[in-house]
Number of protein chains: 6
Amino acid sequence: MQKVTISRKFELSASHRYWRDAWSEEKNKKEFGLCISPYGHGHNYELHVTITGDINPETGMIVNLTVLKSRVKNILNQFDHKFLNLDTDYFKDKIPTTENIALVLFELIDEDLSKDGYELVRIRLYERHDLYAEVWK
Amino acid sequence: MQKVTISRKFELSASHRYWRDAWSEEKNKKEFGLCISPYGHGHNYELHVTITGDINPETGMIVNLTVLKSRVKNILNQFDHKFLNLDTDYFKDKIPTTENIALVLFELIDEDLSKDGYELVRIRLYERHDLYAEVWK
Amino acid sequence: MQKVTISRKFELSASHRYWRDAWSEEKNKKEFGLCISPYGHGHNYELHVTITGDINPETGMIVNLTVLKSRVKNILNQFDHKFLNLDTDYFKDKIPTTENIALVLFELIDEDLSKDGYELVRIRLYERHDLYAEVWK
Amino acid sequence: MQKVTISRKFELSASHRYWRDAWSEEKNKKEFGLCISPYGHGHNYELHVTITGDINPETGMIVNLTVLKSRVKNILNQFDHKFLNLDTDYFKDKIPTTENIALVLFELIDEDLSKDGYELVRIRLYERHDLYAEVWK
Amino acid sequence: MQKVTISRKFELSASHRYWRDAWSEEKNKKEFGLCISPYGHGHNYELHVTITGDINPETGMIVNLTVLKSRVKNILNQFDHKFLNLDTDYFKDKIPTTENIALVLFELIDEDLSKDGYELVRIRLYERHDLYAEVWK
Amino acid sequence: MQKVTISRKFELSASHRYWRDAWSEEKNKKEFGLCISPYGHGHNYELHVTITGDINPETGMIVNLTVLKSRVKNILNQFDHKFLNLDTDYFKDKIPTTENIALVLFELIDEDLSKDGYELVRIRLYERHDLYAEVWK
C-alpha cells in the first residue's frame, strides 16, 4: 500500500536578533557574529508544510488546500512582517534560530491541524536558500 | 553501511479539470474553486523519481540514467501535452489532483522498473513550485 | 540622472492548443508537434511586469504595489485557470503562443495602467522555466 | 562590434520599516500595510551588479571578479545584517523601499567602481523572488 | 508598435582552465586563483538565446522553437561535455572566461541564424547561478 | 518529542571523466556516452549537509554554522576546482559518478563531524538541477 503526502510552501518576511543578556558582548559576538546587530536583521522565510492522511475518494485530496492555506496563514500572521524577538512571545527565553523557529511553528501548526484530524508529517523552514531546518515527530 | 539513492527530475505539461458529475455546480465550486473551469487549465509538472539499489562496481551507478530516462519518458508520454481527464484512462472515476496523479505515476513507474530489478523508492510530483505530493511504499 | 524601474512577478495556470483549421492534420503536426493535442495542455505561466516613473518622495515608490497587484490580477483573471482558445476572445484568429499571449497581456496592462499615468516599460512572460517572451514599446 | 557585460550576484539580509512621522497611523497603514510594524521586518536581498568595458586581452576579463567581489562587499557591509532605518544614514528622510535602496546602492557602487575606470551598467535588487528594482544611468 | 522577443534556455556541461604560459605560476595564481588547476574544473553553463523578428501570422511564432533548438544544439555540441581549452579551437589564444565563451557563442549563433533571416538580439551565459555575461550587437 | 535537523548547502565546481581501461572504446561509449570525453567535462555541484542532535539551550543551535561551514569547506577543498579523476585519490578505481562522489563525501564529512559529536544525518549531492544522489546510514 502506498503512502502519500501533500506539501504546500508558504512565505513570510520577518526579522530577528541573536543575543543573550547573560553573556558579555564579546561572547555574544563570538557565538553569533553579525547576528548580534541591536535592531535585528531579516529574512524571507519559506515554510514547507507536509500533511498525510487518507485521500478522500470524492475530492481526491488529503486536505483541501484552501483550508490548509487559511489555517497555516492564520498562524503565520503572528510572525509575518514582525521582529520575532519583540513582536512575539515565543522567543523571550530562546534565540530565534532557524531550529527554534521551526520547532515553534511545528507545534503551533500540529496542534491546530490535529484538532480536525489532519496529520502533520513534517515541516521544512528555509531562512535562506542555503539554510533550512526540518522538524517531525 | 551507507544507503544511497539517485534521483532524476522530469518535466511534463498537462491540463486537468476538477469536477464531479454527482455534485451540483455549487458544491463543485465550493470544493474545487477555479479548478471547475469546463475546458480545464494546466501546469508544468515536475516529477522527481528516486531509485535505490546496489551500486554496480564497474559503472559506479545504481541505474544507467539513459535507461531510466527512456523508461520514465515512455510512461510520461501518455500524460505529456495531454488533458488528463479526457486523454488518459486513469481519471475516469477520480479527480486528477496532485495526490492522485502522483499515485498513478508511482504505480506505473514502479511496475515498469521492478520488471528489471530496479527499486523505486519514492516519487515527488510538483504541480507548481509551491505544491507537491510524495508517494512511497 | 538615474532611471529606475520596479518589477513584480505574477503567476497564472492556463491551458492552450496550437491548431489551424485551414491546415491539414499533417501540416499542423509538422509545425506544432505535440501542441496539437485536441483538448489542449497547460502551463504555469509567470509574468514579470516592469513599471517606471518618478519615485513619489513621500512613499519612496514608483507605484504602490497593492494597487499594481490588484490591477494586474484583475486583468489576469480572464486568463487564469482557463483554456485560452475557448475561454477567452483573444485567440479566435491567432495561435496562443508565448509571443501572442505576451502581446495581448502587454496591451491590456498598458492600456489599464496608462489611464492613471503609470508607465509600463516591459513585460516578460515565461511559459516554462526555459522559454519566455518579452514585449516593450 | 559586440557589446559585453559581466554580472555578479550578491546577497544581503537586512530589515526595514515603512513609516512617515508626518502622517497619521491610519494614513501610514493605508499606504504601507504590514510594513509599518514598529520594530521592522526583513528580507534576503539579492543584488545583481552588471559591469561593462573592454575585455583585457591577457585575462579575458572585463573586471577581475575577486576585485569586484571585494569592492561590492565592502559597500554592502554597511547594510548587511542591519536595520536599514536606524543602522544606516541613507534612510533618515526617505523610506527604504526597493526603489530607494537600489538607488542608494547604485550611487555608492558606481562612485566606487568609477574611481578605477570600471563602468557600472545596471544593478537589479530583489527584495523577494517576485519583486525587484533596476537602476541604470 | 510593440517589439517582441522570444528566449530559450540551453544547458551544457564543460570544463576549462585559466592559465597563461607567458606568465609565471605566481602571476597566474594571483590573477586566476583556483582556476589555474592543471587539469581544469567545470560548470553547468546555462545559455539564454534571445531572438526577435516579425511574428508569423499563421504560426504565431517569431521562430519555430524546434528549429531554434536544433540549430543552437548543433553549435553547442562542439562545447558540451568538453574541456574547452583542448577540445575546441576557440581558446588557443584566449582564456575561456565567461565573457570570452559568451562572445564565441554569440558569433557562432548569430552567423548561423542570420543565414535564414533570424535576428539574434542577445545571449546571456551563466557560468554559475551568481555569475553571467551578456553579449549583443 | 520532535526531531530536528539543520541543513546547509555548499557549492563546488569540479570536472570528471567516465572511463574504464578494461573496456573497449565501444563499450565505454555505450555505457557512458558523452562522459568518455578524454579531458573531462564539469559541473557546479551542490551539496546539502544535514545534521541532527540536541539543540543547545543557550545558542538555540544544533551546530554553530560557522563551525560547520569551516569543517565542510575544509573537506571540499580537496575537490573544488579539481579534476576528480586525477587531482584526488578517491576515484583511482571507481568512476566519479554522482553516487560515488556522494559516498566519498558522506564518509569524509561523517568521520570529521563525529569526532566532535556532531551527527551527520544525510547528504544530498546535485550534479545538475535535475540529478542528485542522497546518502545516509
Side-chain angles (χ1 to χ4, degrees), chain C residues 16-24 27-36 43 45-50 84-85 88 90-111 114 120-137, chain E residues 1-13 43-73 75-76 80 105 109 113 116-130 132 134-137:
Chain C
H16 64 174
R17 185 195 185 199
Y18 291 3
W19 180 267
R20 284 186 63 77
D21 285 337
W23 289 354
S24 68
K27 185 160 171 55
N28 273 290
K29 192 164 192 177
K30 183 170 172 298
E31 287 291 333
F32 297 137
L34 293 176
C35 299
I36 64 168
H43 299 288
Y45 290 94
E46 286 190 3
L47 177 71
H48 295 232
V49 175
T50 299
L84 300 177
N85 304 57
T88 78
Y90 302 104
F91 305 102
K92 297 299 181 201
D93 59 352
K94 55 188 165 195
I95 307 289
T97 56
T98 317
E99 293 96 319
N100 275 337
I101 304 171
L103 274 168
V104 165
L105 292 177
F106 184 90
E107 287 172 27
L108 290 171
I109 295 169
D110 185 41
E111 184 186 10
S114 63
L120 179 63
V121 174
R122 182 182 73 237
I123 67 166
R124 177 182 281 200
L125 180 70
Y126 283 85
E127 185 187 282
R128 297 162 35 99
H129 67 89
D130 57 4
L131 180 65
Y132 55 90
E134 289 193 313
V135 182
W136 68 101
K137 277 195 291 200
Chain E
M1 186 61 185
Q2 284 80 20
K3 291 164 203 85
V4 190
T5 60
I6 188 82
S7 300
R8 184 71 166 64
K9 189 177 83 177
F10 297 86
E11 301 179 355
L12 67 153
S13 296
H43 300 288
N44 304 323
Y45 289 94
E46 287 190 3
L47 177 71
H48 295 231
V49 175
T50 299
I51 309 290
T52 196
D54 293 332
I55 294 180
N56 179 321
E58 290 197 322
T59 63
M61 297 173 184
I62 293 173
V63 54
N64 186 300
L65 291 171
T66 308
V67 172
L68 180 65
K69 276 193 279 186
S70 163
R71 297 180 80 135
V72 174
K73 283 191 176 172
I75 290 167
L76 297 184
D80 189 26
L105 291 177
I109 295 169
L113 292 181
D116 291 287
Y118 299 116
E119 184 181 345
L120 179 63
V121 174
R122 182 183 72 236
I123 68 167
R124 177 183 282 201
L125 180 70
Y126 283 84
E127 186 187 280
R128 297 161 36 101
H129 67 88
D130 57 4
Y132 56 90
E134 289 193 314
V135 182
W136 69 100
K137 277 194 292 199

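Residue numbering restarts at 1 for every chain, and letters A, B, ... go by the order of the sequence lines.
- Within the 4.5 angstrom heavy-atom criterion, only side-chain atoms of L103(C), from C-beta onward, approach chain E.
- Between the CG atom in D130(C) and the CD atom in E46(E) there is a gap of 9.5 Å [rounded to 0.5 Å].
- Looking at L65(E), the atoms closer than 4.5 Å to chain C (heavy atoms on both sides) all sit in the side chain, from C-beta outward.
- In this structure, no portion of V121(E) lies under 4.5 Å from any heavy atom of chain C.
- The greatest number of non-hydrogen atom pairs below 4.5 Å with chain E, out of K94(C), R124(C), K137(C), R128(C), is found for K137(C).
- For the set T50(E), T52(E), T66(E), I62(E), the count of heavy-atom pairs under 4.5 angstrom toward chain C peaks at I62(E).
- Here K27(C) does not pair with E58(E) in a salt bridge; the nearest charged N to carboxylate O distance is not below 4.0 Å.
- The two residues A133(C) and I6(E) make their nearest non-hydrogen contact at CB-CD1, 4.0 Å.
- Counting non-hydrogen atoms of other residues, nucleotides and ligands closer than 6.0 Å to CG of D54(E) gives a total of 12 or fewer.
- Side-chain contact between T59(E) and T97(C): absent, with no pair of heavy atoms (C-beta onward) separated by less than 4.5 Å.
- Of all heavy-atom pairs spanning R122(E) and E134(C), the tightest one is NH2-OE1, 3.7 Å.
- Interface remark: M1(E) contributes backbone atoms only to the contact with chain C (heavy atom separation under 4.5 Å).
- Heavy atoms only, all atoms of each residue included: W136(C) and T5(E) are closest at CH2-CG2, 3.5 Å.
- A donor-acceptor pair is defined here as one N or O able to donate and one able to accept, closer than 3.5 Å; no such pair exists between the side chain of Q2(E) and the backbone of F106(C).
- Annotation: side chain of Y126(C) is not in contact with side chain of K9(E) (no heavy-atom distance under 4.5 Å).
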